Visitor: 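Please see the structure below; I have some questions.
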Amino acid sequence: MQDWRRTHRCGELRANHIGTVVRLNGWVNSYRGYGQQVFLDLRDRFGITQVVVEATKENPALFQLADGFGREWCLAVEGIVRPRLPGKENPDLITGAIEIEATSIQVLNQCPTPPFEVTEFPGEELAGEDIRLEKRYLDLRRLSLQKTLVLRHTLNRIIREYLSERDFLEVETPLLGKSTPEGARDYLVPSRVHPGSWYALPQSPQLYKQLLMISGYDRYYQIARCLRDEDLRADRQPEFTQLDLEMSFVDQDDVLTMIEGLAQKIFKVCRGVDIALPIRRMSYEEAMLRYGSDKPDTRFGLEISDLSDWAKGTDFRVFKEAIAAGSVVRAIHIAQGASKFSNTDLKPGGKTSEIAVNAGAKGLAWLKYEDNKFLGGIEKFFSADSQAALRDQFGIQNGDLLLLIADKEEVAAQVLGTMRLHLAQVFGLLQGKENSFDLLWLVDFPSFMPDPQGGRYVANHHPFTAPRVADIPLLESDPSKVMARAYDLVINGYEVGGGSIRIHDPAVQAKVFSVLGLTPEQAQEKFGFLLDALKHGAPPHGGIALGLDRWAMILAGTANIRDVIAFPKNQRARDMMTGAPTPVEPKQLKDLGL
RNA sequence: GGGGGCGUAGCUCAAUUGGUUAGAGUACCGGACUGUCGCUCCGGUGGUUGCGGGUUCGACCCCCGUCGCCCUCGCCA
């Protein structure tokens with residue numbers, strides 16, 4: 001073969017190419033040796049084409065060569081396109097009408113037997129993730145991973161198109177920045193030029209985009225890598241990608257509307273799904289009450305109800321004392337759920353009870369309703385009237401189950417939120433919902449939460465989030481009542497975006513820092529450049545960041561973030577392929593003064 | 001750091017709950033086959049049961065330790 005370079009791609013040839021001499025480059029997807037004849041499926045990113053090598057007297061070497069091929073060898077094949085024998089066409093291949101009668105083959109590279117199969121078959125278990133991450137270059141040859149990378153490309157393309165059409169500017173911001181100890185743990189980079197000093201890799205471009213607004217760039221966006229040195233989860237990597245955007249002279253609705261249009265386009269193009277606009281909005285308070293979560297999965301019911309008023313009037317001491325101490329009693333009603341849980345499961349130490357306890361509950365109370373009466377041990381504390389009231393409130397039928405929690409409001413909400421997700425799994429409520437997407441804006445967040453570490457308050461979103469204008473006086477009198485102009489986007493129980501209108505008044509910013517327990521000196525030291533910039537004619541502005549990895553997960557239908565990242569880290573933040581992080585040469589450390 | 005699950009052939013999994021030679025499918029190797037397309041058929045190689053220790057007449061199985069992977073709580077303004 002004079003020139004091994006391809007004339008066509010492996011997904012390209014059709015019946016109208018019959019008779020043409022072509023060259024294909026690709027990998028051996030499968031190999032079927034057959035006596036005097038070999039069938040090869042040659043694969044590239046664009047498709048698969050069948051190659052036939054026949055033993056002939058004129059060219060015995062070619063057949064001998066092909067006889068030794070293995071899977072995943074990289075080949076250049078020259079040959080003539082010919083029709084398949086009548087009735088032997090393969091409708092599963094886009095090139096299935098034809099095949100290549102090989103006249104010459106060059107081995108571009110051999111491949112040892114792969115440690116796992118690159119070809120996927122329906123219903124077949126994938127190899128373990130360890131080995132696939134270690135040989136990620138082979139794993140990425142799999143069709144489903146190819147598809148998710150293409151999906152991410154499409155996602156990025158839609159975003160750039162949509163935002164460019166609306167006068168957004170894509171601006172890059174530094175990776176080497178200033179450490180700000182609030183928020184997540186920073187990844188630090190030592191400075192060689194300034195021994196003892198460190199850059200921090202960005203947790204997000206938050207401050208830079210605000211500065212860009214102050215500079216007058218009005219609409220900004222960036223598909224930005226963000227880094228946080230925190231423990232990993234199925235939907236969390238130490239480095240991840242955000243669509244970061246910011247707009248000037250806008251209020252909350254302007255940002256939400258802009259993102260709604262983008263979300264609609266993304267779902268249409270990536271999934272062919274029409275999202276109805278506007279996206280539903282729910283207050284943080286309502287989400288915590290009804291779903292026990294700030295990222296509720298609203299694709300199924302099992303909503304939480306507050307029974308505090310009812311519990312107050314019962315003779316059950318556990319409930320009465322809880323209410324008297326300012327706690328709440330809340331419950332989930334599970335229609336026809338009684339038979340699914342044995343009393344042993346529900347009793348202290350039982351499987352279901354333990355889930356509640358692990359989520360923070362002191363204990364799980366429960367009531368089954370069978371043979372027209374409540375059972376469960378605690379029913380004896382409830383009068384006939386109380387029982388009737390309970391029955392009426394939920395419309396309880398025989399076979400139903402109630403799970404009740406008495407605890408501080410936050411604990412009760414969180415425990416029942418966890419139970420709710422557990423119940424959804426037990427009852428398979430999400431089966432068949434793979435193609436349903438529930439989008440939800442969470443709004444009306446409190447600006448501050450009490451600091452569990454004993455300080456005064458911590459910011460719910462971040463310290464630059466603007467309070468509701470009417471609440472500004474409360475910054476001094478009662479910060480816990482201040483509501484933020486912040487919003488989160490939730491899809492199917494995943495937090496996929498969050499943002500806020502920012503503070504553009506340096507006086508308000510100073511007050512917020514004060515609520516957070518920062519002295520003016522500390523605020524000046526950490527964020528002096530921002531406070532200073534705010535004084536220089538800062539426009540009202542706000543924005544949002546979308547977690548694109550999670551968007552890709554939802555669009556790809558996977559629960560594993562590693563499935564949508566080309567080269568992900570494992571749960572201990574190690575790159576299984578390169579081995580990073582690794583020790584470095586002493587000289588490197590010496591140069592850095594370490 | 002805490003809780004849970006897992007670790008057996010290259011890969012996916014079994015092994016009658018402590019019983020004698022650790023099996024199957026697949027992959028791989030050899031052989032047969034000119035229309036296959038997850039080819040088929042015949043034969044074969046392949047195991048420190050993650051690692052170390054202990055209990056026992058006997059350990060893949062039980063105990064202790066350790067390593068690794070996954071899920072999760074804490075953490076993620």
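Below, chain A is the first sequence line, B the second, and so on; all start at residue 1. Here the structure is a predicted model, which is why all the values come from computation and not from measurement.
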Visitor: Below 3.5 Å, does any donor atom in the side chain of A/Arg71 face an acceptor in the base of B/G10, or the other way round?
Guide: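 Such a pair does not exist between side chain and base.
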Visitor: For the P atoms, the ones on B/G47 and on B/A24, what distance do you get once it is rounded to whole angstrom?
Guide: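 That atom pair is separated by 15 Å.
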Visitor: Within the 3.5 Å criterion, strictly below it, is a donor on A/Tyr208 or A/Gln210 matched to an acceptor on the partner's side chain?
Guide: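 Checked: A/Tyr208/A/Gln210 side chains show no N/O donor-acceptor pair below 3.5 Å.
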Visitor: Pick one for B/U45: is it syn, with its angle within 90° of 0, or anti?
Guide: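 In terms of base orientation relative to the sugar, B/U45 is anti.
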Visitor: Is the ring of A/Phe39 stacked on the base of B/G35, with centres less than 5.5 Å apart and planes under 30° off?
Guide: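 By the stated criterion, A/Phe39 and B/G35 do not stack.
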Visitor: Whole angstrom is fine here: how far is it from CD in A/Gln36 over to P in B/G31?
Guide: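 It is 13 Å, rounded to the nearest whole Å.
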Visitor: Report the residue (A/Leu126 or A/Lys88) whose heavy-atom-nearest nucleotide on RNA chain B is the more 5′ of the two.
Guide: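 The residue whose closest nucleotide sits nearer the 5' end is A/Leu126.
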Visitor: Rounded to whole angstroms, how far apart are CD1 on A/Ile131 and P on B/G7?
Guide: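 Taking CD1 of A/Ile131 and P of B/G7, I get 17 Å after rounding.
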Visitor: Reading RNA chain B from 5' onward, which residue's closest nucleotide shows up sooner: A/Met576 or A/Asp231?
Guide: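 Per heavy-atom nearest nucleotide, the more 5' residue is A/Met576.
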Visitor: Roughly how far apart, to the nearest Å, are B/U16 and B/C70 at atom C1'?
Guide: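 Pairwise C1' distance, B/U16 against B/C70, rounds to 30 Å.
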Visitor: Ignoring backbone atoms, test whether A/Tyr34 places a side-chain nitrogen or oxygen under 4.0 Å from the OP1 or OP2 oxygen of B/U36.
Guide: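 For B/U36, neither OP1 nor OP2 has a side-chain N or O of A/Tyr34 closer than 4.0 Å.
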Visitor: Does any donor atom in the side chain of A/Gln414 or A/Glu410 lie under 3.5 Å from an acceptor atom in the other side chain?
Guide: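 Looking only at side-chain atoms, A/Glu410 and A/Gln414 do not form any donor-acceptor pair under 3.5 Å.
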Visitor: Minimum heavy-atom separation for A/Gly79 to A/Ile100, with atom names?
Guide: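 Shortest heavy-atom contact: CA-CG2, 3.7 Å.
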Visitor: May I ask you to check whether over 12 heavy atoms, not counting those of A/Arg45, lie within 6.0 Å of atom CZ?
Guide: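 No, because the 6.0 Å sphere around CZ of A/Arg45 holds 12 heavy atoms or fewer from other groups.
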Visitor: In the strands shown, is B/C60 matched to any nucleotide by a Watson-Crick or G-U wobble pair with both distances under 3.5 Å, and which?
Guide: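 Pairing partner: none.
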Visitor: Rounded to whole angstrom, note down the C1' distance from B/G5 over to B/G38.
Guide: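 So the two C1' atoms sit 32 Å from each other.
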